[in-house]
Amino acid sequence: MNYNEALERYNKKIAEAATEDMILNMGPQHPSTHGVLRLELITDGEIVKEVIPHMGYLHRCFEKHAESLTYQQTIPFTDRMDYLASMTNAHAWVMGVERMMGIDKEIPKRVEYIRVLVSELNRIGSHLIAIGTYGIDIGAFTPFLWCFRDREHIMNMLEWASGSRLLYNYIWVGGLFYDLPVGFEERCREFVDYFKPKLKELNELLTDNQIFIKRTASVGVLPHDVAIQYGCSGPVLRGSGIKWDLRRIDNYSAYPEIDFDIPVGKGEMGKLGDCWDRYKVRVDEVAESLKIIEQCLDRLQKELKRTPDFDPRAKMPRKITPKAQDFYMRAEGAKGELGFYFIADGRTEVPFRAKARGPSFNNLSVVPAISKGVMIADLIAIIGSIDFVLGEVDR
Amino acid sequence: MEEIKNLLTAKFGSDIITGEEAGMLQPALLIDPARIAEVCLELRDNEATYFDFLACLSGVDYGIDAGKFGVVYNLSSIPYKTQLTLKVIKEHGRDINDLPSFPSLSSVYRTAEWHEREAFDLVGIYFEGHPDLRRILLPDDWEGYPLRKDYKNAEYYKGIKID
């Protein structure tokens with residue numbers, strides 16, 4: 001059997017298209033992608049006829065590494081997948097392992113609330129990058145500076161808690177690496193109070209900007225059935241009007257006790273599921289995350305107060321050997337449904353197979369479908385509105 | 001789970017389900033490998049199930065001793081908020097010129113297209129009827145399938161030493 005016939009078909013298509021169309025390479029390094037991605041465009045003048053993504057430039061072999069590392073040792077590798085929201089990645093992995101071991105009910109409440117607190121801080125950080133760099137893709141520079149200025153506060157706080165700026169390795173199976181530093185809750189509340197008016201300013205500058213709306217409304221319209229077919233999730237799916245947020249569907253960790261809304265796209269400026277809707281969902285989600293953070297802080301400062309004898313590592317198991325079983329754990333990352341599929345053989349501390357389902361992988365796969373017949377400049381707007389991180393596509 | 005089993009056996013006959021993994025954290029159904037695409041189409045369109053979202057597709061090499069390859073499908077239903085795990089497993093040799101082959105799901109879920117390319121790329125599973133089965137993460141001329149249990153790390157790629 002010839003396993004390379006598809007490759008020959010592809011080569012033939014590129015070779016033949018070159019006679020009348022133009023083959024353009026966008027990337028491997030393009031400012032509108034967070035990471036390295038090469039998009040091969042077949043264009044007719046300025047009209048994009050076809051988009052062929054090529055990835056793998058960042059492939060750091062997460063699944064191959066996981067074959068030889070224990071569950072606990074793999075946590076830093078999950079951080080490197082979506083490096084803009086490492087906390088949510090580690091949270092998903094850790095919850096999966098805990099549930100397989102049957103210790104997910106024994107985790108202290110304070111630990112759960114801290115996990116949610118840092119995850120939501122990180123989600124805001126990730127969305128701020130998405131919003132800021134999206135402004136740059138469209139040609140607005142100030143929002144980018146503003147977003148990075150505000151994100152810096154989050155980075156500093158997370159660094160204070162975990163000792164690292166980007167790859168935290170803070171959430172561990174059975175607990176946390178450290179308790180929050182003294183004074184963190186107060187500082188975090190200061191940040192929330194500082195950030196709320198800034199978010200309003202940002203909305204005035206970018207969200208309601210006529211040029212920005214003209215560039216994004218009714219561009220890259222993604223109908224909800226197409227989104228589901230391509231396995232899109234997170235803000236991309238919600239931008240198409242589907243209320244699907246795993247924090248609410250699965251009610252994991254401390255989320256069932258927290259009150260927040262799920263923003264969805266409404267097609268306010270153009271058609272439902274266009275670039276502006278996806279962007280707006282992220283902006284609204286930042287506001288919701290602030291709500292979650294405030295509630296976490298309330299609980300952490302009132303009922304679940306820091307005590308001198310509180311040990312965040314108390315429930316950490318010495319040896320992690322889940323019984324032989326398969327388990328798929330999903331959680332809501334900043335980009336969408338982040339899933340880990342574990343196969344444990346019950347004998348060793350190393351997973352027999354660990355597969356990561358990165359939301360960006362599926363979100364990227366929809367780009368060729370919604371960018372047929374658009375202008376090249378609109379393709380940039382579409383790519384930016386999907387907000388994928390290549391670390392998660394390639395894993 | 002019982003309902004889905006009854007629904008499938010009523011529609012496709014009793015040999016469609018070749019096994020069941022129950023009593024664990026997440027039960028799974030083993031499906032006859034040749035008919036997985038029909039089963040998924042039925043589960044997607046049936047009003048009682050509506051499994052319209054293929055969340056994850058993982059190719060699995062079950063080890064050198066077991067001599068088996070399989071694919072695991074994690075489906076979700078957005079209207080009903082339910083989850084389902086389906087598996088197909090078949091015995092097959094490890095020769096990289098003779099790949100284990102399963103029907104492609106790309107006609108049922110478009111997202112399977114990329115997931116199957118990944119399983120082909122990393123585990124070496126062939127999907128019949130896939131429209132564009134190329135390697136996705138590794139270069140086109142890479143030799144071997146890295147997530148197979150007997151894979152030996154390449155020392156050179158195009159004459160360049162790999163560290």
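The sequence lines fix the lettering, A, B, ..., with proteins before strands; numbering per chain opens at 1.
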Is a side-chain donor or acceptor of B/R134 paired with a backbone partner of A/Y10 at a separation under 3.5 angstrom? no
Atom NE2 of residue position A/H224 - does it have more than 12 heavy atoms of other residues, nucleotides or ligands inside 6.0 Å? no
Could you work out, with side chain to side chain contact (heavy atoms under 4.5 Å, CB included) as the rule, every residue matching B/P139, not counting sequence neighbours? B/D141, B/W142, B/Y157
Indicate yes or no: at least one non-hydrogen side-chain atom of B/M24 is less than 4.5 angstrom from one of A/F327. no
Is the closest side-chain heavy-atom distance between B/T85 and A/Y328 below 4.5 Å? no
Would you mind checking which part of B/L122 comes under 4.5 Å of any heavy atom in chain A, side chain (CB onward), backbone (N, CA, C, O), both or neither? side chain
Supply the atom-to-atom distance B/N74 CG to A/K355 NZ, rounded to the nearest 0.5 angstrom. 10.0 Å
With the side chain counted from C-beta on, respond yes when B/N153 and A/K64 share a heavy-atom pair under 4.5 Å apart, and no when they do not. yes
Which region of A/K243, side chain (C-beta onward) or backbone (N, CA, C, O), has a non-hydrogen atom less than 4.5 Å from a non-hydrogen atom of chain B, or is it both or neither? neither
Residue B/L25 versus chain A: region with a heavy atom under 4.5 Å: both
Under 6.0 Å from the NZ atom of B/K68, do we count more than 12 heavy atoms belonging to anything else shown? no
So do the side chains of A/D326 and B/Q26 get within less than 4.5 Å of each other, counting heavy atoms only? no
Test side chain to side chain contact (heavy atoms under 4.5 Å, CB included) applied to A/R353 and B/Y62, step by step: CA-CA 9 Å; A/R353 169 108 160 85; B/Y62 284 97; over 6 Å; no
Is it the backbone or the side chain of B/E113 that comes under 4.5 Å from a heavy atom of chain A, or both, or neither? neither
Is it the backbone or the side chain of A/A356 that comes under 4.5 Å from a heavy atom of chain B, or both, or neither? neither
Pairwise distance CG(A/L7) to CG(B/D140) - rounded to 0.5 angstrom: 4.5 Å
Do B/K149 and A/E67 make a side-chain contact, defined as non-hydrogen atoms from C-beta onward lying under 4.5 Å apart? yes
Engaged part of A/L338 at the chain B interface, taking heavy atoms whose separation is under 4.5 Å: neither
Can you name the nearest heavy-atom pair linking A/Y341 to B/S58, along with the distance? CD2-OG, 3.5 Å
Among B/L57, B/L138, B/V72, B/L54, single out the residue with the greatest number of heavy-atom pairs under 4.5 Å to chain A. B/V72
As a quick check of understanding, evaluate side chain to side chain contact (heavy atoms under 4.5 Å, CB included) for B/I136 and A/H59, giving each step before the final call. CA-CA 10 Å; B/I136 189 164; A/H59 192 39; over 6 Å; no
Should A/S365 and B/H115 count as side-chain neighbours, where that means a heavy-atom distance under 4.5 Å? no
Testing A/V366, A/N362, A/L364 one by one against B/W114 for a side chain to side chain contact (heavy atoms under 4.5 Å, CB included), which residue passes? A/L364
Report which part of B/D52 has an atom under 4.5 Å of a heavy atom belonging to chain A: side chain, backbone, both, or neither. both
Residues A/R395, B/E118; criterion salt bridge (charged side-chain N to carboxylate O under 4.0 Å, His left out); working and verdict: CA-CA 11 Å; A/R395 295 184 300 284; B/E118 191 186 310; 2.4 Å; yes
Under 3.5 Å, side-chain donor or acceptor atoms of residues 228-237 of chain A against the rest of the protein: list the pairs with distances, not counting sequence neighbours.
| from | atom 1 | to | atom 2 | distance (Å) |
| --- | --- | --- | --- | --- |
| A/Q229 | OE1 | B/R110 | N | 3.1 |
| A/Q229 | NE2 | B/V108 | O | 2.9 |
| A/Y230 | OH | B/R110 | NH2 | 3.1 |
| A/S233 | OG | A/E337 | N | 2.9 |

Of the backbone (N, CA, C, O) and the side chain (C-beta and beyond), which part of B/R135 lies under 4.5 Å from a heavy atom of chain A, both, or neither? neither
With only heavy atoms counted, which part of B/D121 is less than 4.5 Å from chain A, the side chain, the backbone, both or neither? neither
Intermediate values then yes/no, side chain to side chain contact (heavy atoms under 4.5 Å, CB included), A/Q325 and B/E21: CA-CA 9 Å; A/Q325 61 185 335; B/E21 288 175 6; over 6 Å; no
